[in-house]
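Beneath this line is the structure, given in structure tokens, with notes to follow.
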Amino acid sequence: MSAIRCTGLVKRYGDVLAVAGLDLAVTEGECFGLLGPNGAGKTTTIEILEGLTPPDAGDVEILGLRWTGGAETRALRERLGIQLQDTQLADKLTVEETVRLFRSFYQSSHTVDEVLALVELEEKRGAWVGKLSGGQKQRLAVACALVSRPELLFLDEPTTGLDPQSRRQLWDVIGRFRGAGGTILLTTHYMEEAERLCDRVAIMDHGKIIALDTPRALIALLGAEHVVEFALADGAIPTVEELAALPGVRAVRPAPDRTALTVAEVHRAVPALLVLLERRGAALSLLATHHATLEDVFVTLTGRQLRDA
């Protein structure tokens, strides 16, 4: 069963085409990620699915219902949890008062104690919202989204701006909801986050989905498990043909500040690269290797870094 289904979704803002005929289906019980740079159309898409923004064209079905207004829309709201990209909560309310306020919006909900335990904010129940850290505010925003015992949780870049510890704490909250059988749609530009949390991911660019699969399957599209990046302090960069001929190299990706090689065997490719550079009289300013990631997939598909404007 699909928790989310949309077809032919289109949204324009003046001359800007934010969403360009998007088709998407999210299965009940999965954590699905929408990935892409700022301006890719992620937030516009999720706001349409949440019923906050009307599309210019297309069909949307959420938990088998549509945003038609009236009783059907009210019934659907009871089944959703929504954390906006920038949730504004009243600074002079306490954590407990904020949760009680959001509880009052729903016919059925967790108790205050239950929802604070879900996000591990029991010790902050008497603290003013304005005194919370960034990570605590994000967990409170998620608490407000979870208070109604939702079947489907929308999270729009939930960990942007958080330190690594706060990010991991929020990942644990999301993981517990997922483990209890909930469905999640999240947007993010953190590839590590998508690889850690998501069953499937869709990579968006310019309002369209350009790739969709499991994180592992998307990374496998590169044809190799490792990436070698290098830059030169001086000397001429070898040609793409020379680099592609190195042992174990599957693809070459030149960029203004560095060159990336997708390789199957690091232990063969790196020594061969060093020999080639020495023969050319080139001096390295950078040499780094890492396991292939979803970011490498994005760059390969678009020719741009994920955080490029």
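In this text, all values refer to a predicted model and were calculated from it rather than measured experimentally.
- Between the CG atom in Leu218 and the CG atom in Leu35 there is a gap of 9.0 Å [rounded to 0.5 Å].
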inquiry  = I'd like to know whether Leu34 forms a side-chain contact (heavy atoms from CB on, under 4.5 Å) with Phe32, so could you lay out the CA-CA distance, the side-chain angles of the two residues, the decisive distance to 0.1 Å, and finally the verdict.
reply    = CA-CA 7 Å; Leu34 281 179; Phe32 190 97; 4.2 Å; yes

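- Of all heavy-atom pairs between Pro150 and Ala145, the closest is CG-O, 3.5 Å.
- If you check the side chains of Arg149 and Tyr106, you find no donor sitting under 3.5 Å from an acceptor.
- Under the 4.5 Å side-chain heavy-atom criterion for Ile, Leu, Val, Met, Phe, Trp and Tyr, Val142 and Leu197 are members of the same hydrophobic cluster.
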All N/O donor-acceptor pairs, side-chain side in residues 117-132, below 3.5 Å, sequence neighbours left out:
unit_1: Arg125; atom_1: NE; unit_2: Glu96; atom_2: OE1; d: 3.2
unit_1: Arg125; atom_1: NH1; unit_2: Asp113; atom_2: OD1; d: 2.7
unit_1: Arg125; atom_1: NH2; unit_2: Asp113; atom_2: OD1; d: 3.1

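- There is a side-chain donor-acceptor pair under 3.5 Å between Asp156 and Thr187.
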query = Could you go step by step and tell me if Ile48 and Trp67 meet the side-chain contact (heavy atoms from CB on, under 4.5 Å) rule?
reply = CA-CA 10 Å; Ile48 291 171; Trp67 296 111; over 6 Å; no

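- At least one side-chain heavy atom of Val10 sits less than 4.5 Å from a side-chain heavy atom of Leu17.
- Looking at heavy atoms from C-beta onward, Lys208 lies out of side-chain contact with Leu22 at the 4.5 angstrom threshold.
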request  = Could you check Asp213 against Val201 for side-chain contact (heavy atoms from CB on, under 4.5 Å), going step by step and ending with a plain yes or no?
outcome  = CA-CA 6 Å; Asp213 213 322; Val201 295; over 6 Å; no

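- Closest non-hydrogen pair, Ala231 versus Asp257, comes out as CB-O, 3.4 Å.
- Side-chain contact check for Glu195 versus Arg216: every heavy-atom pair is 4.5 Å or farther apart.
- Taking both residues in full, the closest heavy atoms of Thr98 and Cys144 are given as CG2-SG, 3.8 Å, listed atom of the first, atom of the second, then distance.
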request  = Apply side-chain contact (heavy atoms from CB on, under 4.5 Å) to Thr293 and Val227, showing your working.
outcome  = CA-CA 9 Å; Thr293 67; Val227 175; over 6 Å; no

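- Defined by atom type and a distance below 3.5 Å, a donor-acceptor pair is present between the side-chain atoms of Ser109 and Arg103.
- For Phe105, the ring pair (Phe, Tyr, Trp, His ring centres under 6.0 Å) partners at least two apart in sequence or on another chain are Phe102.
- A salt bridge does not link Arg12 with Asp56: none of the charged nitrogens is closer than 4.0 Å to a carboxylate oxygen.
- Glu151 places no side-chain N or O within donor-acceptor distance of the main-chain N or O of Gly182, the cut-off being under 3.5 Å.
- Using a 4.5 Å cut-off on side-chain heavy atoms (C-beta onward), Asp59 and Cys6 make no contact.
- Between Glu72 and Arg66 there is no salt bridge, since no side-chain N of the basic residue sits under 4.0 Å from a carboxylate O of the acidic one.
- A pairwise comparison of heavy atoms in Arg268 and Pro247 identifies NH2-CB, 3.2 Å as the closest pair.
- Distance OG1/Thr159 to CG/Leu186: 8.5 Å, rounded to 0.5 Å.
- For the residue pair Glu61/Ser2, the side-chain donor-acceptor check at 3.5 Å is not satisfied.
- Of all heavy-atom pairs spanning Ala194 and Pro215, the tightest one is O-CG, 4.1 Å.
- In this structure Arg77 satisfies the salt bridge (charged side-chain N to carboxylate O under 4.0 Å, His left out) test with no other residue, sequence neighbours excluded.
- Note: the hydrophobic cluster containing Phe154 also contains Val26 (ILVMFWY, side chain heavy atoms under 4.5 Å, direct or indirect links).
- A donor-acceptor pair is defined here as one N or O able to donate and one able to accept, closer than 3.5 Å; no such pair exists between the side chain of Ser166 and the backbone of Leu162.
- A heavy-atom distance below 4.5 Å is found between the side chains of Val147 and Val99.
- In this structure, the ring of His290 has its center no less than 6.0 angstrom from the ring center of His226.
- Separation of atoms CG (Leu80) and CD (Glu50) is listed at 8.5 Å; rounding is to 0.5 Å.
- With hydrophobic clusters built from ILVMFWY side chains whose heavy atoms lie under 4.5 angstrom apart, Leu84 shares a cluster with Ile62.
- Counting only heavy atoms from C-beta outward, the side chains of Leu212 and Ile203 never approach each other to under 4.5 Å.
- Rounding to the nearest 0.5 angstrom, the gap separating the CZ atom in Phe177 from the CG atom in Leu155 is 8.5 Å.
- Hydrophobic clustering, defined by side-chain heavy atoms of Ile, Leu, Val, Met, Phe, Trp and Tyr closer than 4.5 Å, groups Leu273 together with Val228, Phe230, Leu232, Ile237, Val240, Leu243, Leu246, Val249, Val252, Leu261, Val263, Val266, Val270, Leu274, Leu276, Leu277, Leu284, Leu287.
- Ile209 and Val299 fall into different hydrophobic clusters, defined by Ile, Leu, Val, Met, Phe, Trp and Tyr side-chain heavy atoms under 4.5 Å apart, directly or through other members.
- One distance of note links CZ of Arg79 with CG of Leu152; it measures 9.0 Å at 0.5 Å rounding.
- Cluster partners of Leu286, using a side-chain heavy-atom cutoff of under 4.5 Å among ILVMFWY residues and allowing indirect links: none.
- Heavy atoms from other residues, nucleotides or ligands lying under 6.0 Å from CD of Glu278 number 12 at most.
- Atom CD1 in Ile82 sits 5.0 Å away from atom CG in Leu52 (nearest 0.5 Å).
- Salt bridge Asp23/Arg5: absent, no basic N to carboxylate O contact under 4.0 Å.
- Glu157 meets the salt bridge (charged side-chain N to carboxylate O under 4.0 Å, His left out) test with Lys42; sequence neighbours excluded.
- Residue-environment remark: CD (Glu225) stays at or below the threshold of 12 foreign heavy atoms within 6.0 Å.
- Salt bridge absent: Arg196 and Glu192 never bring a charged side-chain N and a carboxylate O closer than 4.0 Å.
- Not a single donor-acceptor pair under 3.5 Å links the side chain of Thr27 to the backbone N or O of Glu30.
- Inter-residue side-chain proximity for Pro37 and Asp205 is flagged as met; some heavy-atom pair is nearer than 4.5 Å.
- With hydrophobic clusters built from ILVMFWY side chains whose heavy atoms lie under 4.5 angstrom apart, Leu153 does not share a cluster with Leu76.
- Panel note: side chain Thr87, backbone Gln83; no donor-acceptor pair is recorded below 3.5 Å.
- At a threshold of 4.5 Å between non-hydrogen side-chain atoms, the residues Ser148 and Glu78 do not count as touching.
- Closest approach of Ala143 and Val115 over heavy atoms only: O-CG2, 3.3 Å.
- Looking at Thr94, its side chain does come within 3.5 Å of a backbone N or O of Glu97 through a donor-acceptor pair.
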